[in-house]
Amino acid sequence: MADYVIEMLNITKEFPGIKANDNVTLQLKRGEIHALLGENGAGKSTLMSVLFGLYQPESGVIKKDGEVVKINNPNDATALHIGMVHQHFKLVECFTVLDNIILGAEPMKGPVVDRAAARKKVVELSDRYGLKIDPDALVEDISVGMQQRVEILKMLYRDNDILIFDEPTAVLTPQEIDELMDIMRGFKAEGKSILFITHKLAEIKAVADRCSVLRKGKYMGTVDVATTSVEEMSRLMVGRDVQLVSTKAEKTPGETILKVENLCVPSKIHKNDAVKHASLEVHAGEIVCLAGIEGNGQSEFIYALTGLEKPSAGTITLCGKDITKASIRSRSKMGMSHIPEDRHKYGLVLDYSLENNMVLQRYWEKEFQTAGFIKSGAVRSYSDRLIEQYDVRSGQGSATIARSMSGGNQQKAIIAREIDKNPQLLIAVQPTRGLDVGAIEYIHSQIIAQRDAGKAVLLVSLELDEVMNLSDRILVMYEGEIVGEFDPKTTDVQTLGLYMAGAKRMDKEGKE
């Protein structure tokens, strides 16, 4: 039997203006967890898309169990027992969980789908691997963590034993990440082979056996994870030393920029409110973090603040003005910037060029239009400046279609646009989701710079390291209520975890 279950030898894949994979070789052993590490736009997802049959390489070969194979499309990959969980899930939102899992591989009973057999197999897989799901729930109504479970069950349902995870933890809570790591270890124990794309060095140390590194499309080498430090891996990935912990000066908060009083926001899933009488203040010159396990009302709270949802009760005040019923554009003009958690749904128009996305919230300003006509030269030069400043990598620069960019570079484009507006209030939801350590270092420095310039920052993050690193104050939300307020200097992750799980809460006087 061959030493390697999968070999990708000398793979080259090009797109207009960019060589995404430049003579890359990757070898996966049977029964190992192999991490693929690299900066945003380094070519990791492209390489895995070649293996899954979504792209055809210009040159190079793929071997399975030592034999050359041709993978023309995902059906060929499935026939070879290769499955992939994509960074941006490939689910039909108006279908049920069960229908999504069996789509394209439906068991038939004569001319009709044998739904009973399909349900039995899905429930058995769900129980066996601890992937709890509701087969009858609509995908549009479930959390992103639950959607990922659906994607994993899609792979398992097709009896795949080579599993590709593309940024699997980018949208998960710390608890869900721990669960996923355990699931991956279980897969390995069964003899399955896993390719694991991630930017998170701690996760590689926790679960991977070996790690291959890409930088700007080129293969930089493969290391043994157990004997390689986090610092060495980050240096191999970005080509320089990276400051993994941000430093910030002491700051005295100024006037109140954002004031929220008794805010209630209806839930789309159940009859109860998703947010229940939540109140908070964010002052100039401070970073306040709203922490919590996903699905506890943070998303609905932010939707109400930014105008994406209408609250059923309460008031929102920005710079002393009531904006509870204001339009999204009005809030933007009054000094609110928003880095949304769902970059595809709320952050970008995916089929617009990068330059048009960069001016989405400013195109009506005099700088960019005259008598209603867009000044394309001004838009291009503005976009070019942000691309260079924030190191947004794209094949055709400002003319690149947003959809064709890597997830991390899409995120950097949104962050560039929102911070460059020079807001009074920056609402940053999962700002470093899907970013590499070099980009995280830069984005953290930009958020701290906003705070040091006297701006107010409301951060929503599921990354507890990020919460502890950036925050001046931490508020914990549980089941739509703010149940605790903490100083990051005097608390720890374990205490936050108890409040996030609902095991503890504070009263209005701040006592447990």
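All of these numbers come straight from a predicted model, not from anything done at the bench. Scope of the values below: all heavy atoms of this structure, side chains included, with no hydrogens, waters or symmetry mates.
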Fill in: Any residue meeting salt bridge (charged side-chain N to carboxylate O under 4.0 Å, His left out) with E39, in chain and number order, not counting sequence neighbours
R393

Worksheet item: Do Q361 and E418 have side-chain N/O donor and acceptor atoms under 3.5 Å apart?
Response: yes

Practice prompt. Assess the side chains of S330 and S327: does a donor N or O sit below 3.5 Å from an acceptor N or O?
Written response: yes

Worksheet item: Residues two or more places apart in sequence or in another chain: which of them pass salt bridge (charged side-chain N to carboxylate O under 4.0 Å, His left out) with R215?
Response: none

Practice prompt. Go through the steps for V457 and V288 under the test side-chain contact (heavy atoms from CB on, under 4.5 Å), then give the verdict.
Written response: CA-CA 6 Å; V457 180; V288 174; over 6 Å; no

Fill in: K13 charged N/C atom sitting above F15 aromatic ring, 6.0 Å / 45°
yes

Worksheet item: Within the distance-only criterion (no hydrogens, no angle test), does the side chain of R343 pair as donor or acceptor with the backbone N or O of L348 below 3.5 angstrom?
Response: no

Worksheet item: With a 4.5 Å limit on heavy-atom distance, are the side chains of H444 and L470 in contact?
Response: yes

Discussion item. Return the CG to CG distance between D166 and L195, rounded to the nearest 0.5 Å.
Written reply: 11.0 Å

Practice prompt. Assess whether atom CG of N262 is packed by more than 12 heavy atoms of other residues, nucleotides or ligands within 6.0 Å.
Written response: yes

Worksheet item: Do you know the tightest heavy-atom contact between C289 and S471?
Response: CB-OG, 3.0 Å

Worksheet item: Judged by atom type as modelled, is there a donor-acceptor pair below 3.5 Å linking the side chain of S381 to the main-chain atoms of G377?
Response: yes

Discussion item. Within this structure, what is the CE-CE distance for the pair M155 and M84, rounded to the nearest 0.5 Å?
Written reply: 10.0 Å

Discussion item. Counting C-beta onward and ignoring hydrogens, is there a side-chain heavy-atom pair between K205 and M233 closer than 4.5 Å?
Written reply: yes

Worksheet item: Taking the side chain from D342 and the backbone from K345, do they hold a donor-acceptor pair closer than 3.5 Å?
Response: yes

Practice prompt. Inspect the surroundings of NE2 in H277 and state if more than 12 heavy atoms from other residues, nucleotides or ligands are less than 6.0 Å away.
Written response: no

Worksheet, complete the sentence: Here the gap from E231 atom CD to S234 atom OG, rounded to the nearest 0.5 Å, amounts to 6.0 Å

Worksheet entry | Worked verdict on K154 versus L91 for side-chain contact (heavy atoms from CB on, under 4.5 Å) | CA-CA 10 Å; K154 271 171 63 179; L91 299 173; 4.0 Å; yes

Practice prompt. Check step by step if side-chain contact (heavy atoms from CB on, under 4.5 Å) holds for Y442 and Y390.
Written response: CA-CA 8 Å; Y442 181 72; Y390 285 81; 3.4 Å; yes

Item to complete: Look at the side chain of Q298 and the backbone N and O of N296, then say whether any donor-acceptor pair between them is shorter than 3.5 Å.
Response: yes

Worksheet item: Residues two or more places apart in sequence or in another chain: which of them pass salt bridge (charged side-chain N to carboxylate O under 4.0 Å, His left out) with K489?
Response: E250

Discussion item. If you count heavy atoms of other groups shown closer than 6.0 angstrom to NZ of K218, is the number above 12?
Written reply: no

Discussion item. Quick check: do I257 and E255 have side-chain heavy atoms less than 4.5 Å from each other?
Written reply: yes

Item to complete: For F368, look at atom CZ and say whether over 12 heavy atoms of other residues, nucleotides or ligands are found less than 6.0 Å away.
Response: yes

Worksheet item: Any ion pair linking R403 and D351 (charged N to carboxylate O, less than 4.0 Å)?
Response: yes

Discussion item. So L214 and M220, do their side chains get closer than 4.5 Å, heavy atoms only?
Written reply: no

Discussion item. Less than 4.0 angstrom from a charged side-chain N to a carboxylate O is my criterion; do R385 and E388 meet it?
Written reply: no

Fill in: Any side-chain heavy-atom pair of L360 and Y352 under 4.5 Å
yes

Discussion item. As an exercise, state the distance from CD1 of I482 to CG of L280, rounded to the nearest 0.5 Å.
Written reply: 4.5 Å

Worksheet item: Counting N and O atoms only, with roles assigned by atom type, does the side chain of T317 sit under 3.5 Å from a partner on the main chain of G320, one being a donor and the other an acceptor?
Response: no

Fill in: Carboxylate-amine/guanidinium proximity below 4.0 Å for K216 and D22
no

Item to complete: Provide the closest heavy-atom pair for T324 versus G314 in the form atom of the first, atom of the second, distance.
Response: CG2-O, 3.6 Å

Discussion item. On a heavy-atom basis, which atom in E466 and which in P431 lie closest, and how many Å separate them?
Written reply: OE1-CD, 4.1 Å

Worksheet item: Distance-only, no hydrogens or angles: does the T495 side chain make a donor-acceptor pair with backbone N or O of T491 under 3.5 Å?
Response: no

Worksheet item: Could you give the distance from CD1 (I18) to CD (E14), rounded to the nearest 0.5 Å?
Response: 10.5 Å

Item to complete: Answer yes or no: does atom CZ of F95 have more than 12 heavy-atom neighbours from other residues, nucleotides or ligands under 6.0 Å?
Response: no

Discussion item. So does I302 get a backbone contact from the side chain of T306, meaning a donor-acceptor N/O pair under 3.5 Å?
Written reply: yes

Discussion item. Does any part of the side chain of L318, heavy atoms only, come nearer than 4.5 Å to the side chain of L425, both counted from C-beta?
Written reply: yes

Worksheet item: Within a reach of under 6.0 Å around OH of Y55, are more than 12 heavy atoms found that belong to other residues, nucleotides or ligands?
Response: no

Discussion item. When you measure from the side chain of N100 to the backbone of V92, do you find a donor-acceptor pair of N or O atoms at a distance under 3.5 Å?
Written reply: yes

Worksheet item: Can a salt bridge be assigned to the pair R235 and E232 using a cut-off of 4.0 Å between side-chain N and carboxylate O?
Response: no

Discussion item. In the structure I gave you, are the side-chain heavy atoms of P340 and V429 within less than 4.5 Å of one another anywhere?
Written reply: no

Worksheet item: Does atom NZ of K276 have more than 12 heavy-atom neighbours from other groups under 6.0 Å away?
Response: yes

Worksheet item: Can you tell me if CD on Q396 sees more than 12 non-hydrogen neighbours from other groups inside 6.0 Å?
Response: yes

Discussion item. Here's a test for you: under side-chain hydrogen bond (donor to acceptor under 3.5 Å, both in side chains), which of E367, E355, K375, R362 qualifies with Y382?
Written reply: R362

Worksheet item: What's the shortest heavy-atom distance between K412 and D391, and which atoms?
Response: NZ-O, 2.8 Å

Worksheet item: When I133 is tested against each of I152, V97, I142 for side chain to side chain contact (heavy atoms under 4.5 Å, CB included), which residue passes?
Response: V97

Worksheet entry | Atom pair CG (L459) and CG (L475), whose distance is rounded to the nearest 0.5 Å | 11.0 Å

Practice prompt. Salt-bridge test for R451 and E286: reply yes if a basic N is under 4.0 Å from a carboxylate O, no otherwise.
Written response: no

Item to complete: For salt bridge (Lys or Arg N to Asp or Glu O under 4.0 Å), just list the numbers for E151 and K90, CA-CA rounded to whole Å, side-chain angles, deciding distance to a tenth of an Å, and then say yes or no.
Response: CA-CA 8 Å; E151 286 278 18; K90 310 290 187 185; over 6 Å; no

Practice prompt. May I ask you to decide if K455's main-chain N or O and Q450's side chain share a donor-acceptor pair within less than 3.5 Å?
Written response: no

Worksheet entry | Contact check, side chains of F301 and M477, non-hydrogen atoms, under 4.5 Å | yes

Practice prompt. Kindly say whether F373 contributes a backbone atom to a donor-acceptor pair with the side chain of T370 at under 3.5 angstrom?
Written response: no

